[in-house]
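Since this is a predicted model, take the numbers as computed values, not measurements.
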Amino acid sequence: MSEQNSHHHHHHHGHKLDGASKFKRDSLNAIERDKALAKWGKRILIVIAILMGLAVVIAYTIG
């Protein structure tokens with residue numbers, strides 16, 4: 001019985017990237033890119049918030 005089960009595993013020793021590993025690599029790249037975007041996105045949002053705050057202060061000061 002165990003002899004037959006061991007024949008169920010197909011070992012692919014191909015050097016080409018199959019769909020799964022390509023997908024995995026692309027996913028990892030996407031995760032890295034998302035982390036970088038999130039980091040920069042937060043900074044940009046903070047800068048925009050500060051600029052808007054300054055604009056409001058300046059508007060009130062002048063107006």
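- Met52 and Ile44 fall within the same hydrophobic cluster, defined by Ile, Leu, Val, Met, Phe, Trp and Tyr side-chain heavy atoms under 4.5 Å apart, directly or through other members.
- Going from atom CG of Leu28 over to atom CZ of Phe23 covers 10.0 Å, rounded to the nearest 0.5 Å.
- For the atom pair CG of Asp34 and NZ of Lys39, the computed distance is 13.0 Å after rounding to the nearest 0.5 Å.
- Between Leu51 atom CG and Ile46 atom CD1 the span is 12.0 Å, to the nearest 0.5 Å.
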